[in-house]
Amino acid sequence: MMQSTMQDFPLGIRHLFLHGRRVHADSQVITWTENGPVTATFAQVGDRADQLAAALARLGVTDGTRVGTFAWNNQHHLEAYLAVPSMGAVLHTLNIRLFPEQLSYVVNHAEDEVLIVDASIAPLLAKVRHELTTVRHIITFGSGDTSGLGPTLDYETLLAAEQPGYDYPYVDERSAAAMCYTSGTTGNPKGVVYSHRSTYLHTFGITSAQAMSLSQHDRMLLIVPMFHANAWGMPYAGWAVGADLVMPQGFLQAGPLVEIIETTRPTFSGAVPTVLNDILHNRPDADLSSLRAVICGGSAVPRSLIEGFEETFGVDVLQAWGMTETSPLAAIAHVPKNTDPADAMSWRVRTGRALPGVEIRICDDAGNELPWDGQAQGEIEIRGPWITAQYHLDPTTEKFHDGWLRTGDVGSMEPNGFIQISDRAKDVIKSGGEWISSVDLENALMGHPAVREAAVVGVPDDRWDERPLACVVLAEGSEFDPAELKGWLEARVAKWWLPERWSRIEEVPKTSVGKFDKKVLRQRYADGGLDVVDLS
Ligand code: ADP
């Protein structure tokens, strides 16, 4: 092999941190509080991150020590994002919405030694404090009841005892930088461990014009929690390019979000469809004109949402796809060049194309690769330098196939690489040997003005094995009229897809990361807990 002449410079969060702080010293981190915005510059946040690193080192945090965070999106959380990996330790972002038994499981499984805790949510952690076997220190910030946590250290006191100017090491780019557990709708959550290299490459991948097109001229509103797949990578990406970062903490309902947007005027944001739907339905009067785009994913983005945002607010909703295991951004639905503007929407409602850096393919049940013909349906597989190769301390192999990650998502691919996810493998409805896409039915239903949200699940059927049951949350002031909704679908999907069973529900049950929890609906149906109208 011929050696290259290039410097062997390790790819690491250290560089992203030091670059952003030095070159974009005046950029801002704005945390929303009960009393309005609190602003700090990157220079100030950088200094505080140094002090945090020094304080953690004094507590014995060293290479590879796991430091958990239990916090909303705020400046303190960002300080941990910057300091912990840069000092060679591992940032473990804990999902504050996990069920208690899952929360203690992930802290113990990751062997977190120090936890940095937002006092406003300390009671959630207090419930499991006695079960945490590896935690040596708990550091709290902000105000709230921390009495249930036992002895704690005060974040500000620790920082006050240290000076800025921490000497960050150059760590091996393949070593662990951060970790995040999947929400684990079945079984225990699984840990994904990001390396410095994977995070660095993902950061460059998402700032590019192929993805979010981020620059110093942006101001990003981080709605996606920093405890969920690194807030889709936006904290590191925004920091590296000098985009201002607006942190909404727990103010995530339509009312406060609109106030935050109107006051801080972000140019870019990212959120799951539920949050955007909430704004569209409850605050159509909002002024969102500062936003050039909002990236949306985590579940299929309904056409009604993309159209609604465009018509109501003049804001572009960009669909993206990924998962905790993919850092998370893997694909995004930018309209292909030379598309007739009249056809643009037909691309925007699809799942997206792979970012440069990752490869995507679809495979049938036997593991054979399927053609990119827009027709063949198979499981989506993915590989690349920011895709997980295994789970933390978990021998599971069935999620991997010849070096590719099996995503559990089913879909097709167009010749130009656009993927279209039709369902999660476990949610697809198998009727008489054919597949019905629950996602397509939901999207079509959510286009009806009387429907606020719709979840479609497969339920047992004597004749067809499984048939769709449509569960509908009505828009305010609307009547439940299943025959009308069925008629609406008739014009939009194949006849044999039409649900016979209909149920009105108050709310779609959601998982800890805000996805439709169809397992709960299937169980409710099996237990006779749903009022069902049968139109067959
Ligand atoms: P978890 O896997 O813990 O539920 P993730 O955020 O990692 O949480 O979820 C990833 C999954 O979310 C994907 O495998 C896919 O099923 C779904 N998803 C994400 N983005 C989209 C999208 N644009 N369209 C359809 N499904 C999506």
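Note that the structure is a prediction, hence the values are computed from the model and not measured. Numbering of ligands and ligand atoms starts at 1, following listing order. Positions are given from 1 along the sequence.
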(request) Have a look at S299, G297, A333 and point out the one with the heavy atom closest to atom 22 (C) of ligand 1. (result) S299
(request) Classify the contact between A229 and ligand 1 as side chain, backbone, both or neither, using a heavy-atom distance cut-off of under 4.0 Å. (result) neither
(message) Whether D409 and R424 form a salt bridge (side-chain N of Lys/Arg under 4.0 Å from carboxylate O of Asp/Glu) is what I want to check.
(response) yes
(request) Look at R383 together with D402 and state whether they make a salt bridge at an N to O cut-off of under 4.0 Å. (result) no
(message) Between the side chains of D278 and R452, is the shortest nitrogen-to-carboxylate-oxygen separation below 4.0 Å, so that they form an ion pair?
(response) yes
(request) Can you sort out which atoms of ligand 1 are near K515, meaning under 4.0 Å from one of its heavy atoms? (result) 4 (O), 5 (P), 6 (O), 8 (O), 9 (O), 10 (C), 11 (C), 12 (O)
(message) Only heavy atoms of Q319, strictly under 4.0 Å: list the atoms of ligand 1 that pass.
(response) 22 (C), 23 (N), 24 (N)
(request) Please could you name the atoms of ligand 1 that M323 approaches to less than 4.0 Å, counting only its heavy atoms? (result) 7 (O), 10 (C), 14 (O)
(request) Give the minimum heavy-atom separation between V107 and T134, together with the two atoms involved. (result) O-OG1, 3.8 Å
(message) As a quick check of understanding, evaluate ring pair (Phe, Tyr, Trp, His ring centres under 6.0 Å) for Y391 and F400, giving each step before the final call.
(response) CA-CA 10 Å; Y391 293 102; F400 304 96; 5.7 Å; yes
(request) Check V456 against S438 and note the closest heavy-atom contact, atom names and distance. (result) O-CB, 3.3 Å
(message) Test your reading of the structure: does T351 have an N or O sitting under 3.5 Å from an N or O of ligand 1?
(response) no
(message) Please tell me whether Y194 and H202 form a close aromatic pair, meaning their ring centres lie under 6.0 Å apart.
(response) no
(message) Below the 3.5 angstrom mark, is there an N/O of G298, backbone or side chain, next to an N/O of ligand 1?
(response) yes
(message) Using the side-chain contact (heavy atoms from CB on, under 4.5 Å) criterion, which residues pair with P284? Sequence neighbours excluded.
(response) T312
(request) Output yes when the distance from some N or O of ligand 1 to some N or O of W321 is under 3.5 Å, and no in every other case. (result) no
(message) List ligand 1 atoms under 4.0 Å from T324, heavy atoms only on the residue side.
(response) 5 (P), 7 (O)
(message) Is G322 close enough to touch ligand 1? Criterion: a residue heavy atom under 4.0 Å from a ligand atom.
(response) yes
(message) Tell me every residue that passes side-chain contact (heavy atoms from CB on, under 4.5 Å) with A176, counting only those two or more places apart in sequence or in another chain.
(response) V90, V193
(request) Answer yes or no for G408: is there a heavy-atom contact with ligand 1 below 4.0 Å? (result) no
(message) Please confirm whether V301 approaches ligand 1 to less than 4.0 Å, judged on its heavy atoms.
(response) no
(message) T182 versus ligand 1: do any nitrogen or oxygen atoms come within less than 3.5 Å of each other?
(response) no
